[in-house]
**Student:** 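I'd like to ask some things about the structure below.
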Amino acid sequence: MDDCLFCKIAAGQIPSNKLYEDDQLLAFYDIDPQAPTHFLVIPKQHIDSAAALTESDAALLGHIYAVIADLCRQLGVAENGYRVVTNVGADGGQSVKHLHFHVLAGRSLAWPPG
Ligand code: 5GP
Ligand code: ZN
């Protein structure tokens with residue numbers, strides 16, 4: 001999508017602090033971290049949000065969660081735990097309209113979220 005920040009990051013047109021990349025997805029650190037470890041995982045393909053997912057995205061989602069689990073192990077945060085969040089729409093707090101999964105770790109996270 002032409003005017004999408006995360007499509008531009010996925011295409012390398014806007015720089016990011018990359019953690020991992022393959023043909024399907026990109027993981028990079030959030031510019032405004034909300035925890036000692038805070039990175040985002042995005043599909044390279046533009047999807048508006050989790051509300052636009054269909055059954056045909058099952059393999060992509062499995063891959064995203066497997067990569068998140070691997071990255072958390074590599075970063076040493078898997079043992080203490082972490083949170084994976086995807087915000088949807090205005091009430092969900094979504095500010096970038098390209099599906100992304102926040103991965104937050106390194107501190108005890110409150111529940112319920114604000
Ligand atoms: P949302 O509010 O849509 O759930 O999350 C969007 C996230 O993207 C926010 O946590 C915000 O800090 C992050 N973000 C926005 N612009 C950029 C950017 O240019 N680079 C990076 N690395 N993160 C960004
Ligand atoms: Zn996009």
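If you're wondering where the values come from, they're calculated on a predicted model, not measured in any experiment. Note that ligands are numbered from 1 as they come in the structure, with each ligand's atoms numbered from 1 the same way.
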**Student:** Between Y29, F39, F6, which one has a non-hydrogen atom sitting closest to atom 22 (N) of ligand 1?
**Tutor:**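 Looking at heavy atoms only, Y29 sits closest to atom 22 (N) of ligand 1.
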
**Student:** Tell me whether I14 has any N or O atom under 3.5 angstrom from an N or O of ligand 1.
**Tutor:**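 N/O-N/O distance under 3.5 Å: no.
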
**Student:** Considering all heavy atoms of both residues, which atom of A105 and which atom of A35 are nearest to each other, and what is their separation?
**Tutor:**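 Minimum heavy-atom separation between A105 and A35: O-CB, 3.5 Å.
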
**Student:** Do the ring planes of H102 and H38 sit parallel (below 30°), tilted (30 to 60°) or perpendicular (above 60°)?
**Tutor:**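 Correct class here is tilted.
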
**Student:** If you measure from the Lys or Arg side-chain nitrogens to the Asp or Glu carboxylate oxygens, is any gap between K44 and D22 under 4.0 Å?
**Tutor:**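 No, K44 and D22 are not salt-bridged.
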
**Student:** Mind checking whether S95 has an N or O less than 3.5 Å away from an N or O of ligand 1?
**Tutor:**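 Yes; the residue has a nitrogen or oxygen that sits under 3.5 Å from a nitrogen or oxygen of the ligand.
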
**Student:** For ligand 1, which part of L40 has a heavy atom less than 4.0 Å away: the side chain, the backbone, both, or neither?
**Tutor:**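 Side chain only.
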
**Student:** Among protein heavy atoms, which sits nearest to atom 10 (O) of ligand 1, and what does the distance come to when rounded to 0.1 Å?
**Tutor:**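 In this structure, atom 10 (O) of ligand 1 has D30 OD2, 2.5 Å as its nearest protein heavy atom.
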
**Student:** At under 4.0 Å between heavy atoms, is it the side chain or the backbone of F101 that contacts ligand 1, or both, or neither?
**Tutor:**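 It is neither; nothing of F101 touches ligand 1.
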
**Student:** Considering just N/O/S atoms, say which atom of H98 is closest to the Zn ion (ligand 2).
**Tutor:**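 This residue's closest N, O or S atom turns out to be ND1.
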
**Student:** Nearest protein heavy-atom contact for atom 16 (N) of ligand 1: which residue, which atom, what distance?
**Tutor:**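 Atom 16 (N) of ligand 1 sits closest to the protein heavy atom L5 CD2, 3.3 Å.
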
**Student:** Is it the side chain (CB and beyond), the backbone, both or neither of H100 that lies under 4.0 Å from ligand 1, heavy atoms counted?
**Tutor:**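 It is the side chain that touches ligand 1; the backbone stays farther off.
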
**Student:** Does any N or O of ligand 1 fall below 3.5 Å from an N or O anywhere on I31, backbone included?
**Tutor:**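 Such a contact does occur with ligand 1.
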
